[in-house]
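Comments concern the structure below.
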2 protein chains.
Amino acid sequence: MDSLLKRINLEIAAIGGKRSRSRAQVIEVFFRTGPHATLEDLAQAVRKRNRTVGYATVYRTMKLLAKLGYAKELDFGDGLKRYESNLESHHDHLVCQECGLVSEFQEPRIESLQEQVAKQHGFLPTMHRLDIYGLCRQCAVAGKKEN
Amino acid sequence: MDSLLKRINLEIAAIGGKRSRSRAQVIEVFFRTGPHATLEDLAQAVRKRNRTVGYATVYRTMKLLAKLGYAKELDFGDGLKRYESNLESHHDHLVCQECGLVSEFQEPRIESLQEQVAKQHGFLPTMHRLDIYGLCRQCAVAGKKEN
DNA sequence: CTCCATAGTGAATTTGAATTTCATTATCAT
DNA sequence: ATGATAATGAAATTCAAATTCACTATGGAG
């Protein structure tokens with residue numbers, strides 16, 4: 001974690017940036033917070049520690065982390081931007097439309113089929129997004145009972 | 001096309017709705033316009049024919065079509081909502097990050113793997129979204145030349 | 001160490017797509 | 001025809017996100 005912060009600071013310096021306490025706090029909170037956190041979540045968490053950190057700094061820092069490749073921007077269509085660490089291995093999402101629960105999965109066979117498809121279309125893929133929407137186990141059961 | 005409009009009007013009537021000229025124009029323009037049109041695109045196209053149609057009507061009509069299942073809402077992460085007809089068979093998207101070109105593909109093997117994954121997680125899928133981002137053939141070639 | 005150019009900051013403002021409001025108009029069952 | 005109600009368009013509102021701006025902090029040059 002400390003070495004991670006150091007590495008990030010080096011990269012920031014490399015592109016002509018300076019350090020700051022606020023930004024360090026945002027970065028630390030981000031990596032400590034669970035995945036799929038909204039900007040609002042992150043801002044809350046940061047400000048819980050240090051009330052003086054402004055929303056703008058949270059937004060700017062997350063954008064910076066995304067640019068450096070440490071964070072990934074997510075959008076599950078609810079109008080809120082979410083971020084997750086890009087350090088963990090790649091995965092896709094199952095989003096419950098009822099309770100909002102987001103779970104993750106990996107399926108290498110899907111990945112390789114995507115590569116194939118892209119190649120067939122002369123397309124050079126840099127990333128992809130696969131989100132499956134529906135009802136989680138809990139909500140599916142609850143839904144059945146209602147009928 | 002005419003029979004489609006009639007069918008839609010029947011469904012609207014069934015949920016207690018009335019007809020209107022503006023709405024009919026929006027619907028017609030939507031089905032005549034290429035896929036992945038933004039709301040702005042649609043509004044422009046409609047207002048080109050009939051300047052008196054307001055943006056709100058375009059927005060409301062597209063939401064209605066989505067609710068009835070005739071239109072699908074898309075979001076490629078550029079902050080603009082797009083719509084495509086839901087009459088064509090299901091497909092996923094290849095989005096060029098350089099020129100914005102969107103092309104479509106179908107891959108039944110991916111679909112079935114998704115079903116499998118969902119089942120394994122006790123998840124009841126209602127829909128999914130798979131977008132592959134990268135460079136289209138044109139832009140990939142152009143990018144190489146630059147280096 | 002001391003400058004000082006410049007990056008970063010937070011509060012406040014602005015942006016911009018999308019939605020809602022509201023007074024008016026159009027539709028349609030009776 | 002009439003009256004209940006859906007639909008309309010212009011304008012106002014919403015809301016997350018981005019930007020502005022006056023001020024502060026950082027860190028390389030000397």
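Throughout, protein chains are lettered first and strands after them, A, B, ... in sequence-line order, and every chain is numbered starting at 1. Predicted model only: the values in this text are computed from it and were never measured.
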(request) Quickly work out the A:R82 CZ to D:dA17 C1' distance and round it to whole Å. (result) 15 Å

(message) If I take atom CZ in residue A:R51 and atom P in nucleotide C:dT9, what distance separates them, rounded to the nearest angstrom?
(response) 18 Å

(request) Applying side chain to side chain contact (heavy atoms under 4.5 Å, CB included) between B:V26 and each of B:N50, B:L42, B:V58, report the one that passes. (result) B:V58

(request) Report yes or no: is there a donor-acceptor pair, N or O only, under 3.5 Å between the side chain of B:K63 and the base of C:dT19? (result) no

(message) Nearest to the A:I12 side chain among C:dT9, C:dG8, D:dT8, which nucleotide is it?
(response) C:dG8

(request) State which of C:dA17, C:dC28, D:dA25 makes the closest approach to the side chain of B:K18. (result) C:dC28

Review item, side-chain donor-acceptor pairs of residues 122-131 of chain B, under 3.5 Å, at least two apart:
from, atom 1, to, atom 2, distance (Å)
B:T126, OG1, A:Q97, OE1, 2.9
B:T126, OG1, A:Y133, O, 3.3
B:H128, ND1, B:Q114, OE1, 2.9
B:H128, NE2, B:H90, NE2, 3.0
B:H128, NE2, B:Q114, OE1, 3.4
B:R129, NH2, A:D75, O, 2.8
B:R129, NH2, A:D131, OD2, 2.8
B:R129, NH2, A:Y133, OH, 3.0
B:D131, OD2, A:R129, NH2, 2.8

(request) Indicate whether the side chain of A:Q116 and that of A:H121 have a donor and an acceptor atom separated by less than 3.5 Å. (result) no

(request) Respond yes when some side-chain nitrogen or oxygen of B:Y59 is under 4.0 Å from OP1 or OP2 of C:dA18, and no when none is. (result) yes

(request) Could you tell me whether B:F105 and B:H91 have their ring centroids closer than 6.0 angstrom? (result) no

(message) In whole Å, I'd like the distance from the CG atom of B:D75 to the P atom of C:dA17.
(response) 13 Å

(message) Using the side-chain heavy atoms of A:L39, tell me which of these nucleotides is nearest: D:dT8, C:dC28, D:dA17.
(response) D:dA17

(message) Taking the minimum atom-to-atom distance to the side chain of B:R19, which one of D:dA16, C:dC28, D:dT8 wins?
(response) C:dC28

(request) Would you indicate which nucleotide in C:dT19, C:dG8, D:dT8 comes nearest to any side-chain atom of A:S20? (result) C:dG8

(message) Between C1' on C:dA18 and CG on A:D78, what's the gap in Å once rounded to a whole number?
(response) 15 Å

(request) Give the nucleotide from the list D:dA10, D:dA7, D:dG9 with an atom nearest to the side chain of B:R23. (result) D:dA7

(request) Take atom CG of A:D41 and atom P of D:dA16, then tell me their distance rounded to the nearest Å. (result) 12 Å

(message) Rounded to whole Å, please give me the gap between CD in B:E73 and C1' in C:dA18.
(response) 11 Å

(message) Parallel, tilted or perpendicular: which one describes the rings of A:Y55 and A:Y59, with boundaries at 30° and 60°?
(response) tilted

(request) Give the nucleotide from the list D:dG9, C:dA17, C:dT19 with an atom nearest to the side chain of B:K81. (result) C:dT19

(message) Both B:R60 and B:L80 contact DNA chain C. Which one's nearest nucleotide lies toward the 5' end?
(response) B:L80

(message) Would the base of C:dG8 count as contacting A:R21 through its side chain, where contact means a donor and an acceptor less than 3.5 Å apart?
(response) no

(message) Expressed as a whole number of angstroms, how long is the span from B:Q25:CD to D:dA7:C1'?
(response) 14 Å

(request) Mind calculating the distance between CG (B:L10) and P (C:dC28) to the nearest angstrom? (result) 12 Å

(request) Go through C:dA12, C:dA18, C:dG8 for me and flag the one nearest to the A:A56 side chain. (result) C:dA12

(message) Less than 4.0 angstrom from a charged side-chain N to a carboxylate O is my criterion; do A:E28 and A:R32 meet it?
(response) yes

(message) Can you work out whether B:G17 or B:Y55 has the more 5'-proximal nearest nucleotide on DNA chain D?
(response) B:G17

